Number of protein chains: 2
Amino acid sequence: MDAAELLHKHNLKKTSPRVAIIEALQSAKSPMSEAEISKLMGNHYERTTFYRSAQTLEEAGLLHKIVVDKLQVRYALNVGRSLHTVRTAHAHFYCNSCHELICLEHIHPGPYRLPAGFQSQESEVIIKGLCDKCTL
Amino acid sequence: MDAAELLHKHNLKKTSPRVAIIEALQSAKSPMSEAEISKLMGNHYERTTFYRSAQTLEEAGLLHKIVVDKLQVRYALNVGRSLHTVRTAHAHFYCNSCHELICLEHIHPGPYRLPAGFQSQESEVIIKGLCDKCTL
DNA sequence: TCTACATTTGCAACATTGTTGCAATAACAT
DNA sequence: ATGTTATTGCAACAATGTTGCAAATGTAGA
């Protein structure tokens, strides 16, 4: 499904920054930071616009924001040919050496038994260590 | 165990900022942000010093840094009368409404089966939602 | 196809969190 | 008490994200 279709299906206007962001993420092999995405888009759009678009896409459920660490925030698409299969919660692996973020599709965390009165809305599992390329 | 003892036992010099940070965290009922800790210390120390002390304490295993989200980073002690029991991995619950971070001591995530060549060093589970006080 | 309206963008300014270099200071072992 | 080394405070900077507002753009409807 291409960017235009995705936007239309979610009642979002088809604007160039949104299309560019979606296409950048679709072409990515792993979740990317704002800086990486911006570079892929040719630094063609304002960071402000990126953040606002990202928020819109996230609210529409199209985008997933993964916070590895402060200064290590990554974004990924939730759909289509991207890495993130729709609505399938999975863990993420962050390599402390090469800083790549890898989706561990086979690890489905939870469900968690929360104390009485607590209500879960979303959850995130980050495993940090060394990836296969960085373990010598 | 008081701040001085803790520092001594870990071969760290007993300096006023470190003592103040430890005491601030010991008096806390939940992990705190840098801003909260600083305020508790009477804004008496440089932020630079806080970050450097926090890093030192973390490397010594005394402190645990929990990244909920960008702009929502919290710190907690790993010892003594604080919330964090030593070396017991546990999940954290972040309330989207009151922004409090609560340790879920009864949830011990993992172990995770990583792909070949991957080596885990640490992991973090953040569950976001509404806490008992915020579910109406 | 053109028009009007609501949405979105770009820009400027600012906020928060964290880092680095370096001189001055403080802690601890002797 | 003193010397050595680690730590602090300050200043400057970096990265990420937010807000207000005017200008530009997308889309539905005429």
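Note that the structure is a prediction, hence the values are computed from the model and not measured.
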Practice item. Can you check each nucleotide of nucleotides 3-12 of chain D against protein heavy atoms at under 4.0 Å and return B for base, S for sugar-phosphate only, - for none, in 5' to 3' order? Key: --BSSBBBB-
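For B:F118, the ring-ring contact (aromatic ring centres under 6.0 Å, His included) partners are A:F93, not counting sequence neighbours. Partners of A:E122 under the side chain to side chain donor-acceptor pair (under 3.5 Å) rule, at least two apart in sequence or in another chain, are B:N96. For A:R47, the side-chain contact (heavy atoms from CB on, under 4.5 Å) partners are A:E34, A:Y51, not counting sequence neighbours.
Using a 3.5 Å distance cut-off with no hydrogens or angles, the side chains of B:E58 and B:H64 do not pair a donor with an acceptor. Using a 3.5 Å distance cut-off with no hydrogens or angles, the side chains of B:T56 and B:E59 do not pair a donor with an acceptor.
Among all heavy-atom pairs drawn from B:P17 and B:S53, the shortest one is CB-OG, 4.3 Å.
Computed from coordinates, the B:E34 CD to C:dA15 C1' distance equals 13 Å when rounded to whole Å. With rounding to whole Å, B:F50 atom CZ is found 14 Å from C:dT19 atom C1'. Separating the NE2 atom of B:H8 from the C1' atom of C:dA29 is a distance of 12 Å, rounded to the nearest angstrom. Distance A:Y51 OH to C:dC14 C1': 14 Å, rounded to the nearest Å. One atom, CG of A:L7, and another, C1' of C:dT7, lie 14 Å apart when rounded to the nearest Å.
Overall bending of the helix from C:dT1-D:dA30 to C:dT30-D:dA1, expressed as the angle between end axes built from five pairs apiece, is 40° (10° steps).
Under the ring-ring contact (aromatic ring centres under 6.0 Å, His included) criterion, no residue pair touches residues 13-49 of chain B, with sequence neighbours excluded.
Rounding to the nearest 0.5 Å places CG of B:L7 at 6.5 Å from CG of B:L57.
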